[in-house]
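Notes to accompany the following structure.
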Number of protein chains: 2
Amino acid sequence: MENVRNLFQILARNFGLLNEQCCDNCCGQEVSLVQSHILYEINRQHQPSMQEIAGALGMDITTFSRQVKTLADKGFVKKTPHPADNRINILSLTPEGLAIENAIHLTVNAQLHGILSTMSEFEKDTVIRSIQLFNDAMQKSDSCCVPPK
Amino acid sequence: MENVRNLFQILARNFGLLNEQCCDNCCGQEVSLVQSHILYEINRQHQPSMQEIAGALGMDITTFSRQVKTLADKGFVKKTPHPADNRINILSLTPEGLAIENAIHLTVNAQLHGILSTMSEFEKDTVIRSIQLFNDAMQKSDSCCVPPK
DNA sequence: TCAAATAGTTGCAATTTGCAAATATAAGAG
DNA sequence: CTCTTATATTTGCAAATTGCAACTATTTGA
């Protein structure tokens with residue numbers, strides 16, 4: 001009841017390790033862990049700008065700019081000028097980028113399901129619903145998870 | 001039921017942001033995020049060696065060695081040669097290191113409780129129990145969360 | 001007693017990071 | 001319409017982080 005931090009710290013660490021390993025396994029030296037986060041978020045959003053993705057990930061925009069350039073050079077991400085505002089670049093995944101994102105997604109998802117498979121149906125449902133609940137609560141709380149300005 | 005990855009990806013990301021912000025807020029330029037992870041794990045284990053902490057965090061031992069040196073130079077971590085084996089260094093927090101770790105712990109814990117406070121008692125309990133359950137399942141699963149050899 | 005194993009540290013060289021300053025474009029005031 | 005200001009993104013640069021290979025120091029075991 002008290003030590004909530006421990007739970008989340010360990011969870012986040014373990015998921016991070018799993019994520020990193022999966023990333024290594026499915027896409028070899030193709031993309032780094034942070035780059036995989038970028039692919040993930042571009043895929044998730046609808047015609048996002050650089051700012052939007054960088055903001056969602058809490059990344060410094062200059063660091064982000066360079067990482068996107070790397071991904072674009074590798075042919076995984078495409079930058080399209082916004083039709084109504086040339087300052088803005090719309091980001092999208094190329095077919096190759098999408099393939100990598102999908103590979104990572106399937107691998108991570110399979111690992112997670114493997115872990116959940118040790119539980120009863122009821123427990124599994126409860127765990128999933130709980131995390132959903134917590135994510136929603138986090139989203140609503142503006143005191144946190146808002147990247148610094 | 002299907003898309004478990006999304007849930008964990010977002011959870012881990014948001015907790016990461018929260019963790020980072022807390023770290024900035026309580027200890028200013030004192031320690032970086034990775035260094036805070038090191039303090040956390042040293043505090044958690046009982047007379048740990050370098051290998052044990054680096055292993056738990058999935059960090060490369062050489063990177064870890066340098067980070068520990070930085071922390072030792074700052075006076076937050078102490079390295080004590082193992083009495084029975086001089087190759088091994090036992091790591092421990094200095095009072096200053098412990099103070100920082102405690103400050104981070106309290107801040108993160110408070111934030112998390114703030115988020116949980118928007119839920120009913122029942123929901124709160126369920127969420128906490130669920131994460132406990134999942135962490136245990138992860139620990140048992142040897143297919144993941146085992147840093148690459 | 002000496003060859004292998006183990007713990008940890010350094011020498012690089014590449015990558016990543018973020019602040020400050022620059023560029024490019026758009027929007028608004030007059 | 002023109003000039004100031006705001007917004008989006010990129011670069012310069014210098015510091016911090018990373019990891020592989022090689023090295024040192026100790027211990028273990030044949």
Side-chain angles (χ1 to χ4, degrees), chain A residues 16-17 20-21 23-24 27-39 41-42 45 47-74 76-92 147-149, chain B residues 16-17 20-21 23-24 27-39 41-42 45 47-74 76-92 147-149:
Chain A
L17 290 175
E20 195 164 356
Q21 263 181 288
C23 191
D24 280 352
C27 41
Q29 68 300 72
E30 306 262 54
V31 297
S32 72
L33 184 60
V34 288
Q35 287 168 358
S36 80
H37 288 316
I38 295 175
L39 297 185
E41 191 62 19
I42 291 178
Q45 290 198 24
Q47 305 211 328
S49 69
M50 307 259 301
Q51 304 265 1
E52 285 169 321
I53 301 295
L57 297 176
M59 280 182 75
D60 180 271
I61 186 68
T62 70
T63 302
F64 181 77
S65 171
R66 276 181 256 254
Q67 288 287 7
V68 166
K69 179 165 168 22
T70 303
L71 286 169
D73 288 347
K74 287 183 179 179
F76 299 149
V77 164
K78 200 173 127 210
K79 287 157 76 169
T80 314
H82 189 292
D85 187 340
N86 266 304
R87 291 172 301 180
I88 300 175
N89 279 320
I90 301 295
L91 298 178
S92 57
K149 209 191 49 54
Chain B
L17 289 174
E20 195 165 354
Q21 263 180 287
C23 189
D24 280 353
C27 41
Q29 69 300 69
E30 304 263 54
V31 295
S32 71
L33 183 60
V34 288
Q35 286 167 0
S36 81
H37 288 316
I38 295 175
L39 296 185
E41 190 63 18
I42 292 176
Q45 290 198 25
Q47 304 210 330
S49 69
M50 307 258 302
Q51 305 265 359
E52 284 169 324
I53 301 296
L57 297 176
M59 281 182 75
D60 181 271
I61 186 69
T62 70
T63 301
F64 181 76
S65 172
R66 277 181 255 256
Q67 289 286 9
V68 166
K69 179 165 166 25
T70 303
L71 286 169
D73 288 348
K74 287 182 178 177
F76 299 149
V77 164
K78 200 172 127 213
K79 288 157 75 170
T80 314
H82 190 291
D85 186 340
N86 266 304
R87 291 172 301 179
I88 300 175
N89 278 321
I90 301 294
L91 298 177
S92 57
K149 207 189 53 53

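This one's a predicted model, so the numbers in the text were calculated from it and none came from an experiment. Lettering of chains follows the sequences in order, A, B, ..., and the numbering in each one begins at 1.
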### Task
Between B:S32 and A:S65, name the one whose nearest nucleotide on DNA chain D is closer to the 5' end.
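This one resolves to A:S65.
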
### Query
Start at the 5' end of DNA chain D and walk down; is the nucleotide closest to A:E20 or to A:F64 reached first?
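Between the two, 5'-proximity favours A:F64.
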
Contact between [X] and [Y] at the side-chain level, heavy atoms closer than 4.5 Å - yes or no?
X: A:S65; Y: A:M50; result: yes
X: B:K74; Y: B:T70; result: yes
X: B:L91; Y: B:K79; result: yes
X: B:I42; Y: B:I38; result: yes

Taking only the side-chain nitrogens and oxygens of [X], find out if one of them lies under 4.0 Å from OP1 or OP2 of [N].
X: B:K69; N: D:dT17; result: no
X: A:N86; N: C:dA26; result: yes
X: A:Q51; N: D:dT7; result: no

Counting heavy atoms from C-beta on, name the nucleotide in [options] closest to the side chain of [X].
X: B:R87; options: D:dA25, D:dT11, D:dA8; result: D:dA25
X: A:T62; options: D:dT17, D:dG19, D:dT11; result: D:dT11
X: B:T63; options: D:dT27, D:dT9, D:dG19; result: D:dG19
X: B:Q67; options: D:dT9, D:dT17, C:dG8; result: D:dT17
X: B:R66; options: C:dG8, D:dT9, D:dT18; result: D:dT18

Rounded to whole Å, please give me the gap between [atom1] in [X] and [atom2] in [N].
X: A:D60; N: D:dA8; atom1: CG; atom2: P; answer: 15 Å
X: A:I53; N: D:dA8; atom1: CD1; atom2: P; answer: 14 Å
X: B:M59; N: D:dT17; atom1: CE; atom2: P; answer: 10 Å
X: A:H82; N: C:dA26; atom1: NE2; atom2: P; answer: 11 Å
X: B:H37; N: D:dT18; atom1: NE2; atom2: P; answer: 11 Å
X: A:M50; N: C:dT25; atom1: CE; atom2: P; answer: 15 Å
X: A:K79; N: D:dA8; atom1: NZ; atom2: P; answer: 15 Å
X: A:D85; N: C:dA24; atom1: CG; atom2: C1'; answer: 11 Å

### Task
Decide yes or no on side-chain contact (heavy atoms from CB on, under 4.5 Å) for A:F76 and A:E30, but give the supporting numbers first.
CA-CA 10 Å; A:F76 299 149; A:E30 306 262 54; 4.0 Å; yes

### Query
Of A:A84 and A:T70, whose closest DNA chain C nucleotide lies nearer the 5' terminus?
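Checking each residue's closest nucleotide, the 5'-ward one belongs to A:T70.
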
